[in-house]
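Every heavy atom of this structure was used, including side-chain atoms; hydrogens, water molecules and symmetry mates were not.
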Amino acid sequence: DAKTTQPNSMESNEEEPVHLPCNHSTISGTDYIHWYRQLPSQGPEYVIHGLTSNVNNRMASLAIAEDRKSSTLILHRATLRDAAVYYCILSPLIGNKLVFGAGTILRVKS
Amino acid sequence: GAGVSQSPRYKVAKRGQDVALRCDPISGHVSLFWYQQALGQGPEFLTYFQNEAQLDKSGLPSDRFFAERPEGSVSTLKIQRTQQEDSAVYLCASSPWGGGYTFGSGTRLTVV
């Protein structure tokens, strides 16, 4: 399974944008980039996924580098409820297990 | 319900006891996964079902761990002769064919 590298932790102020980076230099052509987050005492929650083009949904945006060796999850206006561990995962889209790393702990200050 | 339901939410077992953890996936979801999450770590894959077929059990840590999904819906993860190192949160996730994964809130197992 291709490996991802994320910072251990990041801090943000409430109502400001947050850019969470992920490096995946060994990504293969069939790997999608998935982002999940895990709030305290809950299971991981799907955030967004993409292959090559940038993606937007109601929760976040995903910016993918042209060479696909890195990506950035963008939360446009962080709230206290966005404080969680964010995981960047590579996986083919269909039916494959997700291999989680340690993720990035995001702290949001009011 | 609309989500993945796991029970019990918390389980305390004496060392050596057998435990059974239940997962009710979202209705119609073909794929079902079990993960183990130790404190402060990311979830680790245990096993995967497609309908009733267990297609991957490479993550099960020992032969004390056993999972089943006999009718392709509800799944049970059984741990025999529990040890202290089995203490963790056990997460279940389900997905439709080609779709994203929905996780349950997990069962926190404490072996004393």
Using non-hydrogen atoms only, which part of A:L98 is less than 4.5 Å away from chain B: side chain, backbone, both, or neither? both

Would you say B:Y35 and B:L55 are hydrophobically clustered, going by side-chain heavy atoms of ILVMFWY under 4.5 Å? yes

Exactly one of B:Y101, B:W34, B:Y48, B:F33 should register a side chain to side chain contact (heavy atoms under 4.5 Å, CB included) with A:K97. Which one does? B:F33

Side chain proximity check, B:P43 to A:Y87, heavy atoms < 4.5 angstrom: yes

Single-linkage hydrophobic cluster A:I64~A:V47, side-chain heavy atoms < 4.5 angstrom: yes

Hphob cluster co-occupancy, B:F103 + B:L77, side-chain heavy atoms under 4.5 angstrom: no

Do A:L90 and A:I48 sit in one hydrophobic cluster, given that two such residues count as connected whenever their side-chain heavy atoms are within less than 4.5 Å of each other, even indirectly? yes

Per-residue contact mode, B:Q37 against chain A (heavy atom under 4.5 angstrom): side chain

Greater than 12 external heavy atoms within 6.0 Å of B:E44's CD: no

Nearest heavy-atom pair of B:L91 and A:P44: which atoms, and what distance? CD1-CD, 3.9 Å

Residue B:T47 versus chain A: region with a heavy atom under 4.5 Å: neither

